[in-house]
Structures are given as structure tokens and as C-alpha cells.
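Have a look at the structure below, then the notes.
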Number of protein chains: 2
Amino acid sequence: MSPRIGLDLQTIIRKAAELADKSGLESVTLASLSQELGVRSPSLYNHVDGLSGLKEELSLYGLKSLHDKLLRAAAGRSGDDAVFAIGLAYIGFAREHPGLYEATLPAQHSENAELIRTSEELIKLIIQVMQLAFEMKQEDTIHLVRGFRSFMHGFATLERSGGFGLPVNLDESIQVVLQTYLTGIRVKFQSQ
Amino acid sequence: MSPRIGLDLQTIIRKAAELADKSGLESVTLASLSQELGVRSPSLYNHVDGLSGLKEELSLYGLKSLHDKLLRAAAGRSGDDAVFAIGLAYIGFAREHPGLYEATLPAQHSENAELIRTSEELIKLIIQVMQLAFEMKQEDTIHLVRGFRSFMHGFATLERSGGFGLPVNLDESIQVVLQTYLTGIRVKFQSQ
DNA sequence: GCTTATAAACTAATATCGTTAGTTTTATAA
DNA sequence: TTATAAAACTAACGATATTAGTTTATAAGC
């Protein structure tokens, strides 16, 4: 009980990610993807639940890849060093995989349980790094992790959309802002 | 030399913004919008250059509205107070007009001159507030404004997409993060 | 007040999507 | 060798944006 083994989910998702990174997420359609795979678009329904299903799979793949990258970046590091490492890894991922990164965004208000779980794991990782770097009340950690994520996501998005027009080095901005934020944390939450 | 005066650009844009805020930007189509306006979709081409032209007009309208809101918020305030005011105004705008705010994003790498100009004015306003609040090198101001904008945009986006799941107050997060950031700026750039 | 020019709104038609239904094909299990 | 089941296919439909060409209503000129 097994038929033609032409396509499988992994092949489809990889090609979709490649297409998203090359031409933008909005250019990933069942039509363009099926053509790229040498197949007719209805054939994709054997592997994926329509376009929305494809986007969910892509989101999941992106979140797992991002989580994996942050995990590797944080390994063996601690304190400011670890925070910087995951921050740069985050921006790096968004730069290397702009389309795939974009696909990860609407992950949260999905119904897909695995998507929600993977999304939560990403947060947990960041919380752990921050909690180990700075000992403070759990609630404060959550506030500050929200700030960290917001900065990372906002920077990645604005950078990609060309929002930073001025001729000032972008990597330096990341350094300065993160350093400033961490200085604020140290002064405000660990001075007494 | 003047024909039927049923529609005009302003009516179209306002309705499009209303639709975007109510049902999401992706639900703004020439079909849905024309139906909402009691007109056939090709009629819109008399006022707007297709769907992409409509989106550009919407983006421009959103940027102007946002700029206006920040300007009012900053009027009569200075220092930390002014920075907090525009920060809260920014988040407030994104909360009140989620669809319109979303439309403002791809403003930068557009070719539309007025769109670029309006986008630059928004930056200039934030730079002015920050520069008056903290006296420092111009280049540092730009780094820190990038951080401020990134945080605002990231927070607004993640909040809307349901990215902050944990049961911790969101407004408090804004307060804590901004305070921490401003503390860092003061210590790092104005201590000596 | 009548005519006319002009811009707005229309109808008709096309191409491209996503999607569904039903058919054909082929690799594997029996 | 045969039967089964999953994959890939064709055909068709509805919705979309868009273009071309037609009709219509308003305002300007006489």
C-alpha cells in the first residue's frame, strides 16, 4: 500500500521556504510552488491542506529553524554574552531567511497545537537566558523579555522593509541599543 | 467639464481604512471595497491605480495619521515625558487602527515620493524628541531612535498577532521597558 | 435653456488564483 | 501476477484583478 513517491512534505516545505526567501512570502502560491516542483497545483493537496495549510507548515518549519539557531547561539554562554548571542542570531536568521522569518509571525493566534508549542519554546529559551543573566522577579523578567523580543522583531522587520534610511551602520545600532538596554536592566533591577 | 460626483479619493480611502481596521488589511480587496461603496470594482480605477495604488494611498493616509498623533502627543512635553508620550501614542495608534497601521509598513521601499517624504517626517519627529531629551552625538541619537522605533513597532506587531501569551499586564511592560531603556541611555551617554 | 464635452460609472471579457470532484496511474503488498 | 491505495492528473467553478469599450450624467459654453 504505497504509490508514487515523487513528492513529500519536506521537499515541498523546503522549496516553499526557498521561494519565500528569494521572492518574498507573498509570492508563495500553490501555482508558483507547484510549477517549481514540476507538478500540477491540485497535487499539492495530497500533502498539504491548501494554501493556509502550507503557510502553517512553513511557519512551523521557520519557528523550529529559528529556535534551533538561538539554542546553538546560547550554548556555552551566559550573562550579557548570551543575550547578545541570541540577539545577533535572531537578526541573522531574519536576514538570511527573510521570507521564512516572515512566515513565522502569525504563529500565535493559530489553532495548530504544534505551532503554539514551538512558539512557546522559543519564548521559554529567551526567558531562561534572561533569567540566568539577571536575577530578578519573574514578572520583571517577562516585561524585559517582551522588550527584547519586540526590539529584535521590530529591528528585523524595519531593516528588511528599508525603514532605516540614514547612512549609519546597522550592526552598530544593534550593539548600541542592546548595550543600552542591558545597562538599564543592571542599574534599574540590580543596583540595590 | 465635470461629471458624476459620486465617489472621491477621500471617501474611498476612509472606507478602505475602516474595512482594514474591522476585518484586517488582507480583506481589503477591490471587490470588497467596491461592494462596500455601492459601486462596481472597475469604477475604482477612475480614482486609484489598481489594488497596489489603493494600498499606497492607504499607507500614506496611515502614515499621516500616525505622524499627526505623535505630533500632538509631543506638543508641550519634553525629556522623558515626551518620549513616553510618543511611545504610548504610537502603541495607541496601532491598537486603534490595526489594519491602517499594518498598511503603513511597506512604506519605505516604495517609489512614491510623497510616501517616502511622509515616512521621513515621522523619523525626524522622533529624532527631534530624542535629541532634545538627551544631548548626545547625532550618530548615537540615530542608533537610539532605531532602538525606540524597533521596540514600538515590534511590540505593536507582536501584541496584535497574539505573541504575548503570558498573563502579565501589557501596558506595564511598555512602561518598564521604556523606563529601562531611558535609564540605560542616561547612564551610558550622560554620566560623564 | 439647449447643446456638448468630459469624466465617472458601467458591462463584457480575460487571465490567474485556490479549491473541489472525479479519473488515471503506479508502486507496493498480497 | 494481481489487487489496492495513495499520488498525480484533468476538468470545472468561483473569486479575484485588470483591460477595453460603452453608456451616462454633470457642468460649461453658447
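No hydrogens, no waters, no symmetry mates; every other heavy atom, side chains included, goes into these values. To find a chain, count down the sequence lines: A is the first, B the second, and so on, and within it residues start at 1.
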Q: In sequence, state the C-alpha distance, the side-chain angles, and the governing distance for B:Ser65 and B:Asp68, and then conclude on side-chain hydrogen bond (donor to acceptor under 3.5 Å, both in side chains).
A: CA-CA 5 Å; B:Ser65 304; B:Asp68 188 65; over 6 Å; no
Q | Step-by-step side chain to side chain contact (heavy atoms under 4.5 Å, CB included) determination, B:Arg149 to A:Phe164 | A | CA-CA 10 Å; B:Arg149 275 183 72 207; A:Phe164 299 133; 3.7 Å; yes
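In terms of hydrophobic clustering, with Ile, Leu, Val, Met, Phe, Trp and Tyr side chains grouped at heavy-atom distances under 4.5 Å, A:Met136 and A:Leu132 are assigned to different clusters.
Counting heavy atoms from C-beta outward, A:Arg160 and A:Pro98 have side chains that approach closer than 4.5 Å.
Between B:His47 and C:dA7 there is no side-chain N or O to OP1 or OP2 distance below 4.0 Å. Distances shorter than 4.0 Å separate some side-chain N or O of A:Ser43 from OP1 or OP2 on D:dC9.
Rounded to whole Å, the distance from CG on B:Asp49 to P on D:dT18 is 8 Å. With rounding to whole Å, B:Arg40 atom CZ is found 15 Å from C:dA13 atom P. Straight-line distance from the CG atom of A:Leu54 to the C1' atom of C:dC17: 14 Å, rounded to whole Å. One atom, CG of B:Asp8, and another, P of D:dT26, lie 16 Å apart when rounded to the nearest Å. The nearest whole Å value for the distance from the CG atom in B:Leu7 to the C1' atom in D:dA25 is 14 Å. Here C:dA9 presents its C1' atom at 12 Å from CD1 of B:Ile12, a figure rounded to the nearest Å.
The ring of B:His97 has its center no closer than 6.0 angstrom to the ring center of B:Tyr101.
Looking at B:Asn46, its side chain comes within 3.5 Å of the base of C:dA9 through a donor and an acceptor atom.
Pairing of C:dA30, defined by two Watson-Crick or G-U wobble distances under 3.5 Å, is identified with D:dT1.
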Q | Where protein sits on nucleotides 11-17 of chain D, one letter per nucleotide: B base, S sugar-phosphate only, - none, heavy atoms under 4.0 Å | A | B----SS
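We find the CD-OG distance between B:Glu26 and B:Ser32 to be 10.0 Å, quoted to the nearest 0.5 Å.
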